[in-house]
Protein chains: 2
Amino acid sequence: MSATLKDVAEKLNISVSTVSRVVNNKSYVNPRTREKVLKALGELSYSPNQVARSLKNKSTNTVGIVVPDISEDFFSHVIKGIDYILSHNGYSIILCDTGEKTEKEELYLNLLIEKQIDGLILATVSKKHLLVQNIIDKGLPVIFIDNLPKLKNSYDSVIIDNTKASHMAVEHLIKLGHRCIGIITGKQDETTGYDRLLGYKKALQENNIKIDESLITIGDFKEKSGYDSMKVLLDKNRSITAVYVASSKMTYGAIKAITERGFRIPEDIALVGFDIHDPSGLITPSITTIIQPEENIGKAAAELMLKKLNENGEKFNQKIVLEPNILIRDSCGANKHKR
Amino acid sequence: MSATLKDVAEKLNISVSTVSRVVNNKSYVNPRTREKVLKALGELSYSPNQVARSLKNKSTNTVGIVVPDISEDFFSHVIKGIDYILSHNGYSIILCDTGEKTEKEELYLNLLIEKQIDGLILATVSKKHLLVQNIIDKGLPVIFIDNLPKLKNSYDSVIIDNTKASHMAVEHLIKLGHRCIGIITGKQDETTGYDRLLGYKKALQENNIKIDESLITIGDFKEKSGYDSMKVLLDKNRSITAVYVASSKMTYGAIKAITERGFRIPEDIALVGFDIHDPSGLITPSITTIIQPEENIGKAAAELMLKKLNENGEKFNQKIVLEPNILIRDSCGANKHKR
DNA sequence: GTGAAAGCGCTAACAC
DNA sequence: GTGTTAGCGCTTTCAC
């Protein structure tokens with residue numbers, strides 16, 4: 001076992017409070033005793049017990065992070081950004097991967113509460129917000145990322161402008177001459193899915209293109225739904241010349257469907273994807289895509305968290321909206337296409 | 001604030017110990033009082049304070065995970081595996097991303113000690129093992145993954161058979177008729193880099209191919225070093241027909257170098273990469289690659305950790321070695337190639 | 001079957 | 001400037 005304040009105090013025949021004072025650099029301590037203590041601290045290689053501190057201080061310097069899938073590029077990068085900021089400010093993170101399961105999310109939230117986290121950053125997949133509402137009501141700082149819940153009051157969040165993201169993607173296709181543009185978005189009870197459809201519609205309307213419901217498909221952000229939706233689009237609407245797919249995995253699925261049906265990208269179908277990273281630079285054709293500033297989302301969330309943690313008790317209810325980017329690569333070609 | 005045992009006890013005019021007993025289901029409690037307590041627990045929505053428990057029990061049910069870069073596919077998948085197993089066993093994880101910095105690694109290790117973690121899973125980048133040696137000597141369960149340190153005694157680890165991985169890769173190239181095969185491996189003071197070179201040499205020797213030092217290059221697992229090393233290989237050795245690259249990022253770099261020099265894969269240079277995932281299936285040419293069973297590495301590490309945690313005090317010093325896989329795709333062609 | 005009491009390691013009034 | 005004390009919320013002997 002490692003040494004405690006008491007051990008050090010006994011060794012020097014002084015009181016624990018004095019030792020505590022030098023450890024924490026609080027209030028004056030006689031320089032001479034201070035020296036002695038410092039020396040003893042080193043000799044016994046004292047290391048403060050944060051659990052005891054936490055119990056006393058009612059603060060663990062820990063924030064919980066709950067995400068659906070840590071192996072997704074998006075989340076791993078967000079987490080990297082969070083950890084970068086929080087670790088520089090004396091906080092550590094307890095990471096929880098829900099595997100996109102609502103029940104697991106609940107288990108984790110309860111566990112985190114028991115562990116007395118100081119704050120929570122949450123990418124929720126749940127539709128029932130009772131628990132998280134309780135947590136917020138209790139006064140624990142909570143910041144939502146990625147997907148936003150429907151709660152009775154406003155709350156803190158860091159997201160990208162999903163409407164704008166879609167708008168950018170669809171604008172791009174329209175500028176290239178496409179008018180019959182399909183979309184594969186996410187479920188409409190998730191803000192990400194909803195907003196991404198909204199931006200699509202807005203872009204079309206602004207360009208006086210009639211919205212054709214047969215060009216709209218709803219997936220679940222997973223690969224198979226992208227594949228299935230794309231097949232539906234190709235079958236239902238023979239004049240489709242372009243498609244915008246609102247998640248990375250669905251994009252992969254959609255591309256497989258397009259290829260299987262014997263169409264070429266971008267010659268037959270132009271495509272804008274989402275969150276397509278391609279670190280190898282070898283994806284062919286390279287995919288024009290919306291990119292979220294993941295690490296910055298993480299950093300912004302962490303900074304907002306620090307603010308909430310410090311200006312204790314204040315309710316900010318900030319909604320930080322970062323700008324998405326569009327990365328123009330080859331999957332839309334450069335010119336007007338007709339199929 | 002949430003209710004404490006004391007709150008519940010006072011409400012019922014009984015002692016905290018009784019309440020504690022029903023919460024923990026320990027020793028007999030009169031069924032009638034038990035009922036009453038259960039009811040009160042619910043009414044006050046009691047939630048145990050794990051910090052207090054931890055202080056008392058000297059166990060936090062938390063394991064620290066320290067990795068160089070959480071946004072790397074390899075680590076994010078390993079972590080997913082770890083969390084999957086540990087969360088099912090009542091443990092949570094504190095995640096630390098060192099950004100491949102030795103100093104940051106040390107900071108984190110000290111922090112984790114202060115937070116009184118019950119165990120540590122570590123992918124170290126450090127060459128100085130003083131601190132981690134101390135941690136092990138203290139009796140804290142430590143498991144190494146990915147890269148292994150040189151310590152005075154044996155220790156627990158979960159890795160893949162890196163020698164075998166290289167052997168498989170090079171065998172594959174030899175079978176295809178290549179005899180002049182380059183390698184880009186990692187630093188020789190890291191076990192990963194060393195073992196991967198070892199397997200390369202073994203495969204050549206077994207096939208009576210003389211080892212040519214000009215075909216061996218050492219990178220640092222990052223993209224640029226793969227790029228630079230490949231250029232060196234192509235320049236130094238005009239008869240090279242194949243290359244094996246021992247990390248994902250270096251593979252990307254190497255491919256860029258090959259392309260820039262105007263060579264084709266696999267026609268001019270056959271290539272076997274490492275950890276190339278390609279969820280899109282769109283990388284062209286698709287890369288034949290060694291694949292590590294990441295989630296299983298994580299799961300194995302977590303299970304070993306649980307074992308150490310439970311059979312308290314025992315020293316296992318197990319070295320769990322998982323099998324790598326080779327995924328045959330297109331980057332080696334199918335036949336004998338000469339340049 | 002239940003309660004009283006000590007103590008985990010620390011901090012922070014409050015004395016002196 | 002330093003020591004004494006109480007207490008954070010919990011578990012666990014030890015009595016009764």
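Heavy atoms only: backbone and side chains are in, while hydrogens, waters and symmetry mates are out. Lettering of chains follows the sequences in order, A, B, ..., and the numbering in each one begins at 1.
For the residue pair A:P293 and A:I160, the shortest heavy atom distance occurs at CD-CG2, 3.6 Å.
Remark: P of D:dT2 and CD of A:E35 are 12 Å apart, rounded to the nearest angstrom. One atom, NZ of A:K6, and another, P of D:dG3, lie 16 Å apart when rounded to the nearest Å. The distance between atom CG of B:L55 and atom P of C:dG7, rounded to the nearest whole Å, is 14 Å. The distance from atom CG of B:N49 to atom P of C:dC8 is 18 Å, rounded to the nearest whole Å. In this structure, the CG atom of A:L12 is 10 Å from the P atom of D:dG3, given to the nearest Å. Atom CG of B:D7 and atom C1' of D:dC8 are 13 Å apart (whole Å). Nucleotide D:dC8 holds its P atom 23 Å from the NZ atom of A:K115, rounded to whole Å. B:Q50 places its CD atom 19 Å from the P atom of D:dC8, with the value rounded to the nearest Å.
For the pair A:N89/A:I85, a side-chain contact is recorded, criterion being any heavy-atom separation below 4.5 Å from C-beta on. Between A:Y108 and B:D83, the closest side-chain pair of non-hydrogen atoms falls below 4.5 Å. Side-chain atoms of B:T102 and B:K127, non-hydrogen and from C-beta on, never get closer than 4.5 Å to each other.
In this structure, A:K11 pairs ionically with A:E43, as a charged nitrogen and a carboxylate oxygen lie closer than 4.0 Å. Between B:R53 and A:E114 there is no salt bridge, since no side-chain N of the basic residue sits under 4.0 Å from a carboxylate O of the acidic one.
Using a 4.0 Å cut-off, no side-chain N or O of B:T4 falls inside it from OP1 or OP2 of D:dG9. Taking only side-chain nitrogens and oxygens, B:K58 comes nearer than 4.0 Å to OP1 or OP2 of C:dG9.
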statement: Letter by letter from the 5' end, nucleotides 11-16 of chain C scores (B base, S sugar-phosphate only, - none; protein heavy atoms under 4.0 Å) BBB---

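Between D:dG9, D:dT2, C:dA4, one nucleotide has an atom nearer to the side chain of B:S15 than all others, and that is C:dA4.
Atom OH of A:Y46 sits in a crowded spot, with more than 12 heavy atoms from other residues, nucleotides or ligands closer than 6.0 Å.
Checking side-chain atoms of A:D7 against main-chain N and O of A:T4 turns up a donor-acceptor pair under 3.5 Å.
Under the side-chain contact (heavy atoms from CB on, under 4.5 Å) criterion, A:K319 pairs with A:L148, A:S157, A:I159, A:V321, not counting sequence neighbours.
At a threshold of 4.0 angstrom between heavy atoms, the contacts of A:T33 are confined to the sugar-phosphate backbone, with no base atom among them.
Across the interface with DNA chain C, nearest-nucleotide mapping of B:A52 and B:T18 shows B:T18 to be the residue nearer the 5′ end.
Rounded to 10 degrees, the angle between the two end axes of the helix from C:dG1-D:dC16 to C:dC16-D:dG1 is 50°, with five pairs used at each end.
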